[in-house]
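What follows is a set of notes on a single structure, which appears directly below.
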Amino acid sequence: MYETGLSKSFVAWHVMPDVDGPEGELHTHDYRLDVVVSRAELDERGMVCDIDVLDAALDEIVAVVAGKNVDVVRPPDAAAVTVEVLARWAHGALAPRLGVDGELSVRAWESPVAFGGYAAPIRS
């Protein structure tokens with residue numbers, strides 16, 4: 001399996017409802033999104049995915065949440081935007097922008113050691 005990936009960091013606000021202490025109050029995290037596109041075969045240009053396309057798409061989705069409350073992307077069925085929910089949102093926002101068939105894996109980090117992830121096939 002071939003892979004191409006990028007990382008982007010940003011600061012955003014977050015709260016965990018019905019939780020005591022700092023997590024239950026609006027606070028910031030230094031988030032990082034790691035995204036990896038993988039395919040069994042390279043395209044005719046010898047690429048998994050054009051890294052410039054991936055970079056632009058990642059910049060677009062990070063702009064949606066950077067400096068904001070991540071609740072702007074909270075789905076109706078989620079009580080909060082956890083790192084798992086953020087990773088799933090990022091996957092859904094990125095996949096249609098890439099124009100490739102393969103798999104997209106996203107990890108959303110809320111600290112240097114804590115992340116949640118989501119991976120699923122994508123189709124062009």
Nearest heavy-atom contact between Leu58 and Leu94 is N-CD2, 3.7 Å
### Task
Verify, without hydrogens or angle tests, whether His14 (side chain) and His27 (backbone) share a donor-acceptor contact under 3.5 angstrom.
no
ILVMFWY network linking Val73 to Val62, side-chain heavy atoms under 4.5 angstrom:
yes
When rounded to the nearest 0.5 Å, the distance separating OG of Ser38 from CD of Glu3 is 5.5 Å
* Answer with yes or no whether the hydrophobic clustering places Leu86 together with Val72; edges join I, L, V, M, F, W, Y residues whose side-chain heavy atoms lie under 4.5 Å apart. => yes
In this structure, would Val64 and Val83 fall into the same cluster of hydrophobic residues linked by side-chain contacts under 4.5 Å?
yes
So salt bridge (Lys or Arg N to Asp or Glu O under 4.0 Å) across residues 46-64, not counting sequence neighbours, yields Lys8-Asp55, Lys8-Asp59, Arg45-Asp50, Glu60-Arg97
Item to check | Single-linkage hydrophobic cluster Tyr2~Leu6, side-chain heavy atoms < 4.5 angstrom | outcome: yes
The complete set of side-chain hydrogen bond (donor to acceptor under 3.5 Å, both in side chains) pairs with one or both residues in residues 63-82, sequence neighbours excluded, reads Thr82-Glu84
On a heavy-atom basis, the closest approach of Gly102 and Arg39 is CA-CG, 3.9 Å
Closest heavy-atom pair, Ala90 versus Leu33, reported as atoms and distance to 0.1 Å, is CB-CD1, 4.2 Å
In terms of heavy-atom contacts, Ala95 and Leu104 come closest through N-CD2, 4.0 Å
**Q.** Sub-4.5 Å side-chain heavy-atom contact between Val35 and Ser105
**A.** no
task: Check whether any side-chain heavy atom of Leu54 lies under 4.5 Å from a side-chain heavy atom of Leu98, and answer yes or no.
output: yes
Might you work through the side-chain contact (heavy atoms from CB on, under 4.5 Å) test for Trp89 and Val70, ending with a clear yes or no? CA-CA 11 Å; Trp89 167 78; Val70 293; over 6 Å; no
For Val100 and Val48 the tightest heavy-atom approach is CG1-O, 3.8 Å
Contacts satisfying ring pair (Phe, Tyr, Trp, His ring centres under 6.0 Å) that involve residues 40-72 (not counting sequence neighbours) are none
Applied to residues 31-58, the ring pair (Phe, Tyr, Trp, His ring centres under 6.0 Å) test, sequence neighbours excluded, yields Phe10-Tyr31, His29-Tyr31
On a heavy-atom basis, the closest approach of Pro17 and Ala80 is CD-CB, 3.6 Å
For Val11, the side chain to side chain contact (heavy atoms under 4.5 Å, CB included) test, sequence neighbours excluded, returns Thr28, Asp30
Please output the side-chain donor-acceptor pairs of residues 106-121 that fall under 3.5 Å, not counting sequence neighbours, one pair per line with the distance.
from: Trp109; atom 1: NE1; to: Asp34; atom 2: OD2; distance (Å): 2.9
from: Ser111; atom 1: OG; to: Val113; atom 2: N; distance (Å): 3.2
from: Ser111; atom 1: OG; to: Ala114; atom 2: N; distance (Å): 3.1
from: Tyr118; atom 1: OH; to: Arg88; atom 2: NE; distance (Å): 3.4

